[in-house]
Number of protein chains: 2
Amino acid sequence: MPPAVAHPVRLLPLVFLALILVGTLLLLLPFARAGETNPTFMDALFTATSAVTVTGLTTVDTGSYWSPIGHVIILILVEIGGIGIIALATVLGLFIGGRLGLRTQMLAQVDMHVVSLGEVRPLFRRVTVTLLGFQAVTAIFLTVRYRIAYFDSLPEALWNGVFDAVMAFNNAGFSLNSDSLGRYAGDEAVLLPVSVAVFIGAVGFPVLAELYRGWRRPSRWTIHTRLTVWGSLLLFAIGALAFLAIEWANPATLQDMPLVDKIVTAIEGGVMPRSGGLQSFDWNLVEAETQAIAVVMMFIGGGSASTAGGIKVTTFLLLAFVILAELRGDPEVQIGRRSVSGRTVRTAISIALLAVMLVYGGTMLLMLWSDASHIDALFEVTSAFGTTGLSTGLTPELDTASQLVLIGLMFIGRVGTIAAASAFVLRRRQPRYHLPEEQPIIG
Amino acid sequence: MPPAVAHPVRLLPLVFLALILVGTLLLLLPFARAGETNPTFMDALFTATSAVTVTGLTTVDTGSYWSPIGHVIILILVEIGGIGIIALATVLGLFIGGRLGLRTQMLAQVDMHVVSLGEVRPLFRRVTVTLLGFQAVTAIFLTVRYRIAYFDSLPEALWNGVFDAVMAFNNAGFSLNSDSLGRYAGDEAVLLPVSVAVFIGAVGFPVLAELYRGWRRPSRWTIHTRLTVWGSLLLFAIGALAFLAIEWANPATLQDMPLVDKIVTAIEGGVMPRSGGLQSFDWNLVEAETQAIAVVMMFIGGGSASTAGGIKVTTFLLLAFVILAELRGDPEVQIGRRSVSGRTVRTAISIALLAVMLVYGGTMLLMLWSDASHIDALFEVTSAFGTTGLSTGLTPELDTASQLVLIGLMFIGRVGTIAAASAFVLRRRQPRYHLPEEQPIIG
Ligand SMILES: [K+]
Ligand SMILES: [K+]
């Protein structure tokens with residue numbers, strides 16, 4: 001058995017590395033670049049990483065820097081790195097089957113909720129078709145609206161509609177316009193379809209599959225689906241309401257808008273930080289409190305095995321239940337009528353703590369290597385780790401070292417903290433005996 | 001049995017509340033105030049809370065706002081709230097004995113490492129005498145230096161020496177001077193004794209007791225002592241070296257100092273954020289990176305059952321071992337030749353996550369209610385939660401609501417996140433059956 005299959009935990013990072021490498025080489029080809037000069041290596045590497053990890057942070061203006069061929073390359077990288085990888089993980093999960101440990105199961109997370117080989121293949125095909133169908137519907141909506149209100153030619157409207165629909169569903173924040181969705185600010189016929197597409201994309205494959213089979217019976221949903229669905233709705237509602245309240249009187253965002261536009265923009269403000277990354281307003285001009293809330297949302301991210309990054313909704317909510325159990329003095333962590341093993345809890349903590357370390361470490365490096373303020377550095381770093389793609393405009397101003405930090409964070413954010421970190425830690429032999437317990441004083 | 005003893009988890013918060021109340025009333029007495037006007041209620045409440053929780057944040061200038069009687073009241077509140085509470089916790093631990101659960105043991109943490117009643121009382125007396133002895137020695141050192149170099153009268157030098165020695169040992173950041181230790185900047189004959197006293201005070205009673213009995217045999221130390229001692233030294237070394245490196249060329253701090261002064265100031269920079277709170281330089285003028293590192297150090301804090309706040313060194317290091325075990329794929333979390341129970345791990349996570357929520361929530365409130373920047377709000381809030389007392393000067397400028405946030409954080413930081421939060425959560429009956437396990441997807 002080749003090493004990569006014997007150690008499947010190493011496979012996913014390798015797949016992503018290979019995709020980034022191929023993407024970089026493709027973008028370095030002269031015809032990928034618009035204008036006279038060749039693309040620089042750093043711009044190609046950054047763009048390829050951002051596309052494959054479905055982030056959307058950019059060092060250059062996507063629309064004007066890359067040629068139409070470059071845009072097609074980015075679109076394909078996004079589709080492979082987003083929905084494509086989830087398909088691979090599913091197949092991988094089936095291939096390795098029951099031999100996966102908890103760690104490696106995380107790579108192919110979807111296999112934990114599907115029972116037999118026979119059940120999965122048609123299911124996978126149906127969900128993939130459904131996802132592509134959703135993308136097509138969104139693309140049609142956007143194309144019609146773009147043709148009516150923004151573009152004179154149908155091909156141009158169509159290309160923008162397809163591009164934005166793919167970006168929305170894959171939660172990739174790339175846009176052909178230099179101001180992202182800025183020209184569509186307050187236009188509910190654009191912002192609502194895009195927000196819905198981003199929200200569905202961020203829910204994740206396992207949950208969509210389960211909803212597809214049994215959305216009528218919430219009482220039978222697995223814990224994972226319940227946590228993801230209710231958690232996603234809750235985080236969206238908190239984000240949108242906080243955005244509305246804080247930005248209400250901000251002249252740079254909501255103040256001068258009619259009420260409907262205010263609400264639509266607040267919906268965007270609630271959806272996008274949870275990994276979408278498209279923006280109809282300037283995140284550099286929102287209140288600092290809104291930025292701080294967005295940092296939390298980007299850090300949490302979307303659902304597991306989705307196109308979103310971050311520590312994931314389930315990880316976040318599980319930790320909330322852990323705290324609740326501790327405060328109540330419960331012997332077990334319970335969610336619904338189910339208990340959660342200590343091992344699962346340990347994995348959740350490790351993910352959250354590694355994420356905090358990475359984000360705060362990255363923030364300090366950006367502060368050291370640039371003139372960025374604390375909140376600006378934190379915002380951009382969290383956006384990279386959460387593969388969100390929202391930006392206050394800092395990324396293009398950074399030096400190479402700082403951009404490499406963001407590249408590393410996008411990669412880790414997409415591959416998963418544990419999978420990425422495991423690659424650097426040798427697996428020790430499992431000890432065959434238990435050591436005596438001792439209880440250090442905590443807190 | 002009275003309710004407070006039947007539910008000892010509620011006792012410690014009540015004791016602290018009572019102390020703060022008494023302190024506030026004492027400071028409201030006209031003769032506690034220097035000058036003509038009476039002290040305001042908020043200033044008295046804030047100062048009393050800051051003193052009882054051995055923090056050192058102040059809304060007013062301690063030296064000029066309070067009379068000598070006011071200073072004596074603050075000194076006594078600090079001694080009771082610092083070393084005094086640790087004595088109470090010990091007695092409490094003995095009184096309730098083996099009936100404590102993990103949650104309540106945290107209140108009287110010291111009882112976990114002492115075996116019998118007969119062993120503890122003389123030990124406690126000896127350690128208390130030793131601590132007071134340490135304070136006396138520090139006071140003598142400082143008095144001599146103050147008399148030689150700074151004050152013309154011996155009583156003045158003595159009073160300043162005693163005050164600063166008590167503050168240092170209790171990790172309380174109050175100073176009779178408006179610039180804290182500013183006038184002693186670079187004076188190793190002041191900064192070194194103060195730093196040593198702060199470091200020892202932050203180690204904590206259980207560790208000091210164990211070191212007293214067996215400091216020659218590190219191999220026999222409990223895990224708790226090993227984690228605390230090596231962790232404290234490691235965090236100090238990291239803090240001091242980072243301070244030296246980042247501030248080396250900062251004209252507001254190290255640049256113009258001779259080498260010895262640079263080193264002494266870096267030692268202070270490594271010690272004080274771990275809960276001391278005295279400062280010979282202006283934390284508003286250090287580099288933003290140094291502030292960010294100090295935030296991490298203040299958040300971690302000192303040893304358990306010490307005069308320090310924060311999540312504590314053991315909690316922090318235990319979580320590091322949890323991550324290591326997860327990455328290695330170990331079934332148990334192991335430290336040294338001992339394993340740590342899942343329940344202990346759960347407590348550690350809960351503390352760390354509650355702390356993150358409190359600190360980030362407090363930061364957002366301060367940002368909402370004042371013009372403070374993100375880093376300034378984060379710095380002051382973490383200083384309150386860590387009962388550290390370092391300040392960039394923000395506290396006096398805050399409105400009443402924000403100052404109440406800081407008061408709440410100082411209280412929670414000193415009482416302990418879990419103890420404070422438990423007071424708000426009803427203890428459910430322990431379920432007598434186990435629920436079936438289910439494994440949500442994590443990460
Ligand atoms: K994104
Ligand atoms: K302090």
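Just so we're on the same page: letters track the sequence lines, and every chain starts at 1.
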Q: For B:V295, is it the side chain, the backbone, both or neither that has a heavy atom under 4.5 Å from a heavy atom of chain A?
A: side chain

Q: Can a donor-acceptor pair be found, under 3.5 Å and without considering hydrogens, that links the side chain of A:E326 to the backbone of B:S350?
A: no

Q: Do the non-hydrogen side-chain atoms of B:I323 and A:M357 ever get within less than 4.5 Å of each other?
A: yes

Q: What part of A:A355 gets within 4.5 angstrom of chain B, counting heavy atoms only: side chain, backbone, both, or neither?
A: neither

Q: Donor-acceptor pair, distance only, cut-off 3.5 Å: does the side chain of B:E289 make one with the backbone of A:L368?
A: yes

Q: Is it the side chain or the backbone of A:Y360 that comes within 4.5 Å of chain B heavy atoms, both, or neither?
A: side chain

Q: If you look at every heavy atom in B:E332 and A:R346, which pair is closest and at what distance?
A: C-NH1, 3.8 Å

Q: With a 4.5 angstrom heavy-atom cut-off, is it the side chain or the backbone of A:V296 that approaches chain B, or both, or neither?
A: side chain

Q: Heavy-atom distances under 4.5 Å only: say whether A:I293 touches chain B with side chain, backbone, both or neither.
A: both

Q: Can you establish whether the number of heavy atoms outside B:D371 located under 6.0 Å from its atom CG is more than 12?
A: no

Q: Looking at B:T228, B:T363, B:I246, B:L319, which has the largest count of heavy-atom pairs under 4.5 Å with chain A?
A: B:L319

Q: Taking all non-hydrogen atoms of both residues into account, name the closest pair between B:M364 and A:A292 and its distance.
A: SD-CB, 3.8 Å

Q: Please state whether the side chain, the backbone, both or neither of A:V356 comes within less than 4.5 Å of a heavy atom of chain B.
A: neither

